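One structure is given below, encoded as structure tokens.
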Amino acid sequence: MENKLRLFNSLSRKKEDFKPLTDGHVGMYVCGPTVYGDPHLGHARPGITFDIVFRYLQHIGYKVRYVRNITDVGHLENDADHGEDKIAKKARLEELEPMEIVQYYTNRYHAFMNALNVLPPSIEPHASGHIIEQMEIIDKIFENGYAYEADGSVYFDVEKYNKKHPYGILSGRNIEEMLANTRELDGQDEKRKPYDFALWKKAAPEHIMRWKSKWSDGFPGWHLECSAMGAKYLGETFDIHGGGMDLLFPHHESEIAQSMAANEKMPVNYWMHNNMITINGQKMGKSLGNFITLEEFFTGNHDMLEQAYSPMTIRFFILQAHYRGTVDFSNEALQGAGKAYERLIKAFGRLDDINPAEAGDLDMEKLRNSCYDAMNDDFNTPILIAHLFDAVKFINAAADGKTTMSDEQKNALQNIRKDFIVDILGLDLETSETVGGSGLNDVMDILLDVRKKLKEEKNYAMSDFIRDELSAKGVTIKDTKDGTSWEM
RNA sequence: GGUCUCGUGGCCGAGUGGCUAGGCAGCGGUCUGCAAAACCGCGUACAGCGGUUCGAAUCCGCUCGAGACCUCCA
């Protein structure tokens, strides 16, 4: 298959032709959630963004190994020496085992990602299951002279590393600036420099998540897990590493430093970062407390939500913006996305009932190529969707008898539906409005039959009564030349 | 304060040195007993001020505004 895929590499800050290390194979690692709370809209963004990457790479013929981790240890509340582990803190507050917290929120995360039609990754490793691998990296970093120990904790010597390799290569900073601008935090006395980061932390006596090591009973630093698990499952250098833009520094920067310090190899060829979802122009984030959970979106149970929004509406909303731009949440925008999504799905749903005739005025090959061009240009889903709406107009016009469609065109559109809407965008062809209960169909047929007779008798009062009453129950009646249809 | 990004019509959002995405909402029309849906048509937007250019929303400079990262955050 011809491969013209270009993607924006955060490392070079340019779009580059995509060339995997091994022909036909792609290794991709994406930073997954820290499972100490319910997933919110912000978590849906990387989930969906890299789901698209995963789906598209497979669609164009690659065998993809997609690793998305679960962070269940080592992620501290802050970077001070005495910061508390997020999982451990939640466990203490809820009086549960840390692994109960981890399991509970991992299950929740899976359920919500599944609802959003996000495919599960090939491998989903837990940080806590790779303590030994993380220790081995620390050993290597020690051997190469880029780590130092202080009271049972181990830190990465950024200054020394920077003499040989640029620390800041990914995020575009330099060490002098960082030194000048790093804020003073409490309890950083163990670190030689404020920008040094922990590879291993000695656990305080009350800390329940702890592992034995040659340095102390403790736990690994946050950045280490991705270096360890990425290398383990994808190799010391792999193709794509993804995550949210907010992880670019210091998390990914430190990942590069650790891997270089341990292996003298750049761990990743292409870095991809999705932008943030904003709310009132500001980043939706845990620390800001301005997040709305996915469950709240699905149920509508939140002060800022005017209604519930279906998972597919959320997915479509996110796909209508390019992944590197911010996307601003608002009820108006979400409602618009919901309507657009339904129009798209309904139109493609009408396709199968169209009787082929003369070819109409839409170039299928051009359309299909345009769809591929959009995706090949750094996964430009909004452009892809715009092209799909060209097809929507054509299908609706043909279904209304205002133009005609050839058998070839019909087949081409059915293929586009399968390839782009279902396989690549991962949208569900069933919307809430197109799903009808099977037993209900017969009853509705009777009811509509009665209404038809009433209309023939020009008893519009009664026929409208039926329509209005059904409408009140969420059933919409549509009269067309070919008869009456209904949807819930 | 440092580094960086962005500012597009009522709203959301692509794009880009000349061929004026798309969606939602709105208006007019077709269809209909009426409505809904669908279809057709319409609004000529690119923060402001300068500059480069035959030509800029797109390049450059300045001003204003917003945001991200620099601490945990997807």
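Keep in mind that what you see is a predicted model, and the values were worked out from it rather than measured. Chain naming here is simple, since letters A, B, ... match the order of the sequence lines and numbering starts at 1 in each.
- At a threshold of 4.0 angstrom between heavy atoms, the contacts of A:Lys458 with the nucleic acid are absent.
- Listed pair A:Lys402 / B:rA38 fails the phosphate criterion, with no side-chain N or O lying under 4.0 Å from OP1 or OP2.
- Checked against B:rA68, B:rA35, B:rC12, the side chain of A:Ala333 finds its nearest nucleotide in B:rC12.
- Between the CD1 atom of A:Ile383 and the P atom of B:rC12 there is a distance of 19 Å, given to the nearest Å.
- In the region residues 354-368 of chain A, proximity to RNA chain B at under 4.0 angstrom, judged on heavy atoms, holds for none of the residues.
- Using a 4.0 Å heavy-atom distance criterion, A:Asp390 is classed as making no nucleic acid contact.
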Output field dot_bracket for RNA chain B (Watson-Crick or G-U, both distances under 3.5 Å, | for other-strand pairs) contains (((((((..(((.....[...))).(((((.......)))))....(((((..]....))))))))))))....
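- Among the nucleotides B:rG33, B:rA74, B:rA14, the one closest to the side chain of A:Asp246 is B:rA74.
- The phosphate of B:rC39 (OP1 or OP2) has a side-chain N or O of A:Arg343 nearer than 4.0 angstrom.
- In this structure, A:Gly42 reaches the bases: a heavy-atom distance under 4.0 Å links it to at least one base atom across the strands shown.
- OP1 or OP2 of B:rA14 has not a single side-chain nitrogen or oxygen of A:Asn380 nearer than 4.0 Å.
- The cationic group of A:Lys286 lies under 6.0 Å from the six-membered ring centre of A:Tyr36 and within 45° of the ring axis, placing it in a cation-pi geometry.
- Look at the P atom in both B:rC42 and B:rG23: the space between them is 13 Å, to the nearest Å.
- For A:Asp400, whose side chain is taken as the heavy atoms from C-beta onward, the closest listed nucleotide among B:rC39, B:rG33, B:rA21 is B:rC39.
- Contact annotation for A:His387: no contact, since no heavy-atom pair falls under 4.0 Å across all strands.
- Residue contacts for A:Ala386: at a heavy-atom cut-off of 4.0 Å it reaches a base atom on one of the strands shown.
- Backbone-only engagement by A:Gln282 is indicated by non-hydrogen atom pairs under 4.0 Å involving sugar-phosphate atoms exclusively.
- Ranking B:rA14, B:rA74, B:rC70 by closeness to the A:Pro250 side chain, first place goes to B:rC70.
- Proximity note for A:Met276 (side chain, C-beta onward) versus B:rG10, B:rG23, B:rA74: the nearest is B:rA74.
- The A:Gln320 side chain lies nearest to B:rG23 when the options are B:rC69, B:rA74, B:rG23.
- Residue A:Asn396 places at least one side-chain N or O under 4.0 Å from the OP1 or OP2 atom of B:rC39.
- At the heavy-atom level, A:Ile277 lies under 4.0 Å from base atoms of the strands shown.
- For the P atoms, the distance from B:rG7 to B:rG17 is 15 Å, rounded to whole Å.
- Relative orientation of the A:His251 and A:His223 rings is tilted, given thresholds of 30° and 60° on the angle between their planes.
- Between the side chain of A:Asp464 and the base of B:rG33 there is at least one donor-acceptor pair of N/O atoms closer than 3.5 Å.
- To the nearest whole angstrom, the two C1' atoms, one in B:rA45 and one in B:rG10, are 12 Å apart.
- A sub-4.0 Å separation between OP1 or OP2 of B:rC69 and a side-chain N or O of A:Lys283 is present.
- Side-chain proximity of A:Pro46 to the nucleotides B:rG67, B:rA74, B:rC24 is greatest for B:rA74.
- With RNA chain B read from its 5' end, the first of the two nearest nucleotides for A:Arg451 and A:Ala321 is the one closest to A:Ala321.
- Taking the centre of each ring, A:Phe219 and A:His207 come in below the 6.0 Å mark.
- Using a 4.0 Å heavy-atom criterion, one finds that A:Leu247 contacts the sugar-phosphate atoms exclusively.
- A ring-ring contact (aromatic ring centres under 6.0 Å, His included) with A:His252 holds for exactly one of A:Tyr29, A:Trp271, A:Trp222, A:Tyr167; it is A:Trp271.
- Side-chain to base pairing of A:Arg350 with B:rA38: no donor and acceptor N or O lie closer than 3.5 Å to each other.
- Between A:Phe297 and A:Phe317, the ring centre distance reaches or exceeds 6.0 Å.
- Between the side chain of A:Arg13 and the base of B:rC4 there is no donor-acceptor pair of N/O atoms closer than 3.5 Å.
- Within 4.0 Å of A:Phe389, counting heavy atoms only, lie sugar-phosphate atoms of the nucleic acid but no base atom.
- For the P atoms, the distance linking B:rU58 with B:rU52 amounts to 15 Å, nearest Å.
- By the 4.0 Å N-to-carboxylate-O rule, A:Asp353 lies too far from A:Arg350 to be salt-bridged with it.
- Using a cut-off of 4.0 Å between Lys/Arg side-chain N and Asp/Glu carboxylate O, A:Arg417 and A:Asp352 are scored as salt-bridged.
- Taking only side-chain atoms of A:Lys393, from C-beta outward, the nucleotide of B:rG23, B:rG33, B:rA74 with the closest atom is B:rG23.
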Side-chain donor-acceptor pairs under 3.5 Å in residues 116-123 of chain A, sequence neighbours left out?
residue: A:Asn117; atom: ND2; partner: A:Gly426; partner atom: O; Å: 2.8
residue: A:Ser122; atom: OG; partner: A:Tyr66; partner atom: N; Å: 2.8
residue: A:Ser122; atom: OG; partner: A:Tyr66; partner atom: O; Å: 3.4

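- Applying the 4.0 Å criterion to OP1 and OP2 of B:rC69, one finds that A:Arg173 has every side-chain N and O outside that range.
- Salt bridge absent: A:Asp428 and A:Arg315 never bring a charged side-chain N and a carboxylate O closer than 4.0 Å.
- Using a 4.0 Å cut-off between a side-chain N of Lys or Arg and a carboxylate O of Asp or Glu, A:Arg108 and A:Glu295 qualify as a salt bridge.
- Using C1' as the reference atom, B:rU44 and B:rC4 are 34 Å apart when rounded to the nearest Å.
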Quick one, A:Thr326 with A:Asp328, criterion side-chain hydrogen bond (donor to acceptor under 3.5 Å, both in side chains). Give me CA distance, side-chain angles, the key distance, then yes/no. CA-CA 6 Å; A:Thr326 56; A:Asp328 196 50; over 6 Å; no
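- With A:Phe8 as the aromatic partner, A:Arg324 meets the cation-pi criteria of under 6.0 angstrom to the ring centre and within 45 degrees of the ring axis.
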